[in-house]
Amino acid sequence: MSTALVSCSKRMMTTQLRELESDGLVHREVFAEVPPKVIYTLTDKGESLRPLFSELSKWGIKNVLEPRMSL
């Protein structure tokens, strides 16, 4: 299965990640290095969304991607 990435500015990505962090879905770890290094990981709360996203992905493949392929 392939995925499509939409162009996203660094500012927008940072804004979205900070929102996910404030919602408790991701953990942000900053390393004091040059250049700066930041790693984001899912929290337990974020991990709890995996089954939901998996089902949404299956639905999208069945109802969006497959019908396009049959055209």
Checklist entry - For Met13 and Lys10, what are the C-alpha separation, side-chain angles and deciding distance, and is it a side-chain contact (heavy atoms from CB on, under 4.5 Å)? => result CA-CA 5 Å; Met13 179 69 77; Lys10 287 182 180 182; 5.7 Å; no
Checklist entry - Above 12 or not: heavy atoms from other molecules or residues under 6.0 Å from CG of Asn63? => result yes
Item to check | Interatomic spacing from NE2 in His27 to OG1 in Thr43 - rounded to 0.5 Å | outcome: 10.0 Å
Next on the checklist: Please report the interatomic distance OG(Ser57) to CG(Leu52), rounded to the nearest 0.5 Å.
Outcome noted: 11.0 Å
Next on the checklist: If hydrophobic clusters are built by linking Ile, Leu, Val, Met, Phe, Trp and Tyr wherever their side-chain heavy atoms come under 4.5 Å apart, do Val64 and Phe53 end up in the same one?
Outcome noted: no
Next on the checklist: For residues Leu56 and Ile61: do they belong to one hydrophobic cluster (side chain heavy atoms under 4.5 Å, members Ile, Leu, Val, Met, Phe, Trp, Tyr)?
Outcome noted: no
Next on the checklist: Using every non-hydrogen atom in the two residues, find where Pro67 and Lys62 come nearest and quote the distance to one decimal.
Outcome noted: CD-O, 3.3 Å
Checklist entry - Of the non-hydrogen atoms in Val38 and Arg28, which two are nearest, and what is the gap between them? => result CG1-CG, 3.7 Å
Item to check | Flag, side chain of Ser48 to backbone of Lys45, donor-acceptor distance under 3.5 Å | outcome: yes
Next on the checklist: So, using salt bridge (charged side-chain N to carboxylate O under 4.0 Å, His left out) as the criterion, who are the partners of Glu47 when residues are at least two apart?
Outcome noted: Arg50
Checklist entry - Taking Leu20 as the fixed residue, which of Leu25, Leu42, Thr15 is the one that meets the side-chain contact (heavy atoms from CB on, under 4.5 Å) rule? => result Leu25
